Amino acid sequence: MSYQNLLLTDADSVRTITINRPDQLNALNRATIAELNKALTEAEADKSIRVVVITGSGAKAFVAGADIKEFAHFSVPEGKALAADGQKQLFDHVEHLNKPVIAAVNGFALGGGLELAMSAHVRIASDNAKMGLPETSLGVIPGYGGTQRLPRLVGKGKAMEMILSAQMIDANDALQWGLVNRVVPQDQLLSTVHELAVRIMKNSPTALAAAIRAVNAGYEPGANGLQREIEEFGKCFGTADFKEGTTAFVEKRKANFTGA
Ligand code: COA
């Protein structure tokens, strides 16, 4: 399928989804969110794809937020629907994807842009990246999961500071605060992310999906994360990947996982 606002490239079973509205600093309008939803569904269903990378087009921005020009005149019900639809179509979708998602944060990650990066399973940033949740400076609050996912990553105190001050932090502070996993020079960002993706995809796709479900369960209200871990752990024993992984270990060879 063709996309107006996205570029898709495949290499070594890694699908890179590039948000491609550079003249608007890759701001997330509704059309782009709908396209991301489709692209993620496609990547999820495609067995040849093992890891998904999300990044922004150009050297300046990952994503500078939700498209302010699009929602500036929304009513109360429209505002509520914007957050609910966006969370379902994109942010929860990324977090619960059945394969690992890495955010390659190549510049400004503000508002919905930081919320998108936070939905991913791993974040690697370029040294020019700036991150923040500036919504309160616009008279609104983060609506794409930011009030929940930021405290989980950096703790309540730092999250409150970022949300209440609406200020950006640089890549090194983001690294120190645990908001990103690594910081690299911008010209090495995509190669570093690719190396990590290739490292991850050596592992069993069924185990990766189970690990994502188990980790996520610890953050679901009312879910018992440890119980979910027991269930997911047990289910692994019924997979061909588990037989292959353990057999390969005993036979002192590399495992050849099929994702079954
Ligand atoms: N929504 C819509 N358009 C956006 C946008 C957003 N979140 N962020 C940037 N843009 C647009 C600008 O309006 C401008 O478009 P124009 O040339 O048609 O006027 C273009 O992208 C370039 O942005 P500009 O502001 O000129 O770049 P800058 O280098 O001076 O500033 C930022 C960069 C990121 C600091 C600034 O664009 C900004 O503050 N953006 C909004 C961030 C935000 O509040 N995000 C949260 C939204 S909830």
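All values derive from a computational prediction rather than experimental measurement.
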- Query: Quick one: CD1 on I68 to CG on L138, what's the gap to the nearest 0.5 Å?
  - Reply: 4.5 Å

- Electrostatic pair D46-R15, nearest N-O below 4.0 angstrom: yes

- Item | Heavy-atom side-chain contact between L82 and R30 under 4.5 Å | yes

- Query: Charged N to carboxylate O under 4.0 angstrom, R50 versus D10?
  - Reply: no

- Query: What's the spacing between S57 OG and I19 CD1 if we round to 0.5 Å?
  - Reply: 10.0 Å

- Just wondering, do F62 and N26 contact through their side chains at under 4.5 Å, heavy atoms? no

- Message: A quick test of your reading: do over 12 heavy atoms of other residues, nucleotides or ligands sit less than 6.0 Å from NZ of K235?
- Response: yes

- Message: By the definition side chain to side chain contact (heavy atoms under 4.5 Å, CB included), identify the one residue from V53, V180, L196, V101 that meets it with V122.
- Response: L196

- Query: Can any side-chain N or O of S204 pair as donor or acceptor with the backbone N or O of T206 at less than 3.5 Å?
  - Reply: yes

- Task: For E244, check side chain to side chain donor-acceptor pair (under 3.5 Å) against everything at least two apart and list the hits.
- Result: R253

- N/O donor-acceptor pair under 3.5 Å between Q167 side chain and G132 backbone: no

- Flag, side chain of D12 to backbone of V14, donor-acceptor distance under 3.5 Å: no

- Closest non-hydrogen atoms of Q148 and P151, given as atom of the first, atom of the second and distance, are O-CD, 3.4 Å

- Message: Could you check whether N128 and S126, counting side-chain N and O atoms only, form a donor-acceptor pair closer than 3.5 Å?
- Response: yes

Distance-only donor-acceptor hits, side chain of residues 181-193, under 3.5 Å, sequence neighbours excluded:
unit_1	atom_1	unit_2	atom_2	d
N181	OD1	R123	N	3.1
Q186	NE2	A59	O	3.0
Q186	NE2	N106	O	2.8
S191	OG	Q188	O	3.1
T192	OG1	Q188	O	2.6

- Task: Could you tell me whether a side-chain N or O of T136 sits under 3.5 Å from a main-chain N or O of I163, the two making a donor and an acceptor?
- Result: yes

- Query: How far does NZ of K130 sit from CG of L110, to the nearest 0.5 angstrom?
  - Reply: 10.0 Å

- Message: Ring-plane angle category for Y144 and F91, please: parallel below 30°, perpendicular beyond 60°, tilted otherwise.
- Response: parallel

- Item | Exceeds 12 heavy-atom contacts within 6.0 angstrom, atom CZ of F74 | yes

- Item | Residue pair D241 / T239, side-chain donor-acceptor N/O under 3.5 Å | no

